[in-house]
Amino acid sequence: MRVLLVGAGGVGGAITRIAARRPFFEAMVVADYAPARAEAAVDALGGDGRFTAEQVDAGDDAAVARLLARHRCDVLLNATDPRFVMPLFRATRASGATYLDMAMSLSHPHEDRPYAECGVKLGDEQFAQAAEWEKEGVLALVGMGVEPGLSDVFARYAADELFDEIEEIGIRDGADLTVDGYDFAPSFSIWTTIEECLNPPVVYEAGRGWFTTAPFSEPEVFDFPEGIGPVECVNVEHEEVLLVPRWVDARRVTFKYGLGREFVETLKTLHLLGLDRTDPVTVPGPDGPVAVSPRDVVAACLPDPATLGERMHGKTCAGTWVRGVKDGKPREVYLYHVVDNQWSMTEYGSQAVVWQTAVNPVVALELLATGAWSGTGVLGPEAFPAGPFLDLLTAYGSPWGMREQ
């Protein structure tokens with residue numbers, strides 16, 4: 001397997017460190033818009049000859065296709081933010097390679113009823129091309145990070161192994177992470193966090209289909225395992241709600257994120273001030289007016305999440321709560337994966353949230369390389385058997401858990 005990894009930021013850098021310990025691939029080209037960042041990711045691996053650095057603009061379909069061809073890569077792994085999903089998706093299809101991402105094409109709210117009806121849903125642009133991918137015999141594995149990704153694998157495992165009927169699947173994400181020296185320091189890309197938290201959340205119900213609610217709706221307190229404890233969670237737009245119902249039979253699917261009240265209020269303030277906008281505004285500059293995106297300014301004012309590991313303490317938990325029936329009796333479980341920041345920093349030099357995101361696409365790449373997973377078309381993680389993935393994740397030294405509720 002020859003892999004083109006596009007994006008050498010926090011998650012991309014963690015992917016290289018994890019992959020470097022595995023023998024399943026022949027080469028990995030690490031490409032980024034900033035050459036120094038790609039080179040730093042490769043240099044950190046201590047001379048592993050399988051890795052090379054390149055420069056590429058992820059928004060330039062033709063340039064990405066040329067890079068795939070020049071290095072004879074048969075897989076593109078997208079580790080950029082969601083703005084670049086479609087250019088990379090198109091370039092990969094044109095090259096006949098396998099595509100893999102951790103976040104899907106962007107949504108657009110309904111023009112008239114944003115908090116009741118869906119407009120363009122997450123992943124709609126990608127699924128619109130599913131028939132062409134299948135006809136051409138190539139695979140796009142979409143949403144294969146931690147959430148979406150591992151959470152979807154948990155949903156498939158629950159359906160196959162733990163339940164006869166499923167009433168509800170609810171992704172629940174929480175943490176007790178703190179960062180020394182910062183009152184507000186998101187542990188993941190603030191650009192992506194704003195996108196998913198301020199867009200109308202999507203809920204799925206059998207018979208009704210997908211619909212939306214107001215941001216931060218339906219608050220609940222969820223008790224997270226391994227000492228994290230109770231965290232208030234709220235509805236947030238996320239890919240799992242769009243993916244799970246396509247392959248898993250459940251009467252209701254939700255995603256709730258443990259943001260905390262202070263974080264929620266900060267996001268509401270950004271929205272009130274228009275600082276969540278992506279359309280450029282004109283501001284004075286030393287050489288005249290400059291057009292800038294308010295959201296990009298917010299991101300630039302905050303610390304890079306990948307650099308926070310040394311100041312970070314605590315654990316992060318990603319998991320899937322499932323309620324239904326087994327052998328005629330009610331059952332409720334929480335399947336989860338916890339990463340301690342001290343462990344991930346000591347073992348890999350990556351902070352917990354980016355490491356937890358990065359490990360899952362590497363596991364998926366290995367399953368594709370060995371043939372344990374295979375398919376054509378545009379498929380989510382639920383389309384594949386869960387057992388091989390969970391076994392290999394444990395073999396990577398990061399086991400998952402299950403709690404009867």
Side-chain angles (χ1 to χ4, degrees), residues 77-78 85 89 98-105 107 121-131 133-134 138-173 202-206 209-210 236-256 318-324 326 333-337 356-357 359-368 371-393 400 402:
L77 173 52
N78 176 3
V85 163
F89 189 74
T98 295
Y99 171 85
L100 195 153
D101 66 28
M102 291 166 274
M104 297 174 66
S105 60
S107 65
K121 302 187 298 299
L122 291 168
D124 274 359
E125 287 186 82
Q126 290 170 287
F127 282 118
Q129 298 184 25
W133 282 76
E134 186 169 5
V138 288
L139 171 66
L141 172 50
V142 296
M144 192 60 257
V146 60
E147 290 173 341
L150 178 57
S151 50
D152 304 74
V153 172
F154 284 148
R156 172 66 186 266
Y157 181 81
D160 288 351
E161 306 291 340
L162 305 178
F163 290 87
D164 298 323
E165 299 177 27
I166 295 178
E167 182 66 30
E168 181 169 357
I169 294 175
I171 315 306
R172 298 293 183 266
D173 178 300
V202 180
V203 174
Y204 173 84
E205 291 182 357
W210 289 290
V236 166
E237 180 191 50
H238 232 252
E239 285 91 341
E240 291 94 327
V241 179
L242 289 313
L243 286 170
V244 170
R246 297 174 187 271
W247 288 280
V248 176
D249 188 11
R251 295 186 180 91
R252 180 176 166 88
V253 183
T254 58
F255 180 97
K256 292 190 179 183
T320 303
W321 164 73
V322 188
R323 176 170 59 90
K326 178 66 174 178
V333 304
Y334 183 58
L335 303 159
Y336 64 88
H337 183 250
Q356 189 182 46
T357 304
V359 68
N360 295 287
V362 180
V363 171
L365 284 175
E366 184 160 347
L367 292 174
L368 292 171
W373 276 12
S374 62
T376 59
V378 179
L379 303 178
E382 303 88 345
F384 302 88
F389 188 99
L390 297 176
D391 290 345
L392 190 54
L393 179 65
W400 57 284
M402 185 178 85

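Starting from 1, each residue takes its place in the sequence as its number.
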How long is the gap from [atom1] on [X] to [atom2] on [Y], to the nearest 0.5 Å?
X	Y	atom1	atom2	result
L335	I171	CG	CD1	9.5 Å
W400	L393	CH2	CG	9.5 Å
L390	M402	CG	CE	11.5 Å
L242	M104	CG	CE	7.0 Å
L77	D101	CG	CG	8.5 Å
H238	L243	NE2	CG	11.0 Å

Not counting sequence neighbours, which residues clear side-chain hydrogen bond (donor to acceptor under 3.5 Å, both in side chains) with [X]? List them please.
X	result
E382	none
R246	none
D249	none
T320	none

With a 3.5 Å distance limit and no angle check, can you tell me whether [X] reaches the backbone of [Y] through a side-chain donor-acceptor pair?
X	Y	answer
E205	R252	no
R156	F384	yes
Y99	N78	no
W210	V203	no

Quiz prompt | Set of residues satisfying side-chain contact (heavy atoms from CB on, under 4.5 Å) with respect to D391, sequence neighbours excluded | solution =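 If we apply the side-chain contact (heavy atoms from CB on, under 4.5 Å) test to D391, skipping adjacent residues, there are no hits.
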
Quiz item: Mind checking what makes side-chain contact (heavy atoms from CB on, under 4.5 Å) contact with Q129, not counting sequence neighbours?
Solution: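 In terms of side-chain contact (heavy atoms from CB on, under 4.5 Å), with neighbours along the sequence ignored, Q129 is linked to M86, F89, R93, E132, W133.
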
Indicate the atoms forming the closest heavy-atom contact of [X] with [Y], along with that distance.
X	Y	answer
V248	A159	CG1-CB, 3.8 Å
I166	I169	CG2-CG1, 3.6 Å
Y204	A250	CE2-O, 3.6 Å
P385	A372	CG-O, 4.5 Å
P361	M102	CG-SD, 3.6 Å

Quiz prompt | ring-ring contact (aromatic ring centres under 6.0 Å, His included) partners for H337, two or more places apart | solution =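 None.
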
Quiz item: Among all residues two or more places apart in sequence or in another chain, which pass the ring-ring contact (aromatic ring centres under 6.0 Å, His included) test with W321?
Solution: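 Once residues adjacent in sequence are excluded, W321 has no partner under the ring-ring contact (aromatic ring centres under 6.0 Å, His included) criterion.
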
Those residues that, when tested against [X], pass salt bridge (Lys or Arg N to Asp or Glu O under 4.0 Å) (two or more places apart):
X	answer
E366	R22
R323	E168
E134	none

Quiz item: Could you walk me through whether E165 and R251 pass the salt bridge (charged side-chain N to carboxylate O under 4.0 Å, His left out) check?
Solution: CA-CA 9 Å; E165 299 177 27; R251 295 186 180 91; 3.3 Å; yes

Validation: residues 139-154 side-chain donor-acceptor distances under 3.5 Å, sequence neighbours left out:
from: E147; atom 1: OE2; to: G319; atom 2: N; distance (Å): 3.3
from: S151; atom 1: OG; to: V146; atom 2: O; distance (Å): 3.4
from: S151; atom 1: OG; to: E240; atom 2: OE2; distance (Å): 2.7
from: D152; atom 1: OD1; to: G149; atom 2: N; distance (Å): 2.7

Any side-chain heavy atom of [X] sitting closer than 4.5 Å to one from [Y]?
X	Y	answer
V138	T98	no
V202	T254	no
P381	W247	no

Quiz item: Under the criterion side-chain contact (heavy atoms from CB on, under 4.5 Å), which of K121, E125, E237 is the partner of S107?
Solution: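 By the side-chain contact (heavy atoms from CB on, under 4.5 Å) criterion, S107 pairs with just one of K121, E125, E237: E237.
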
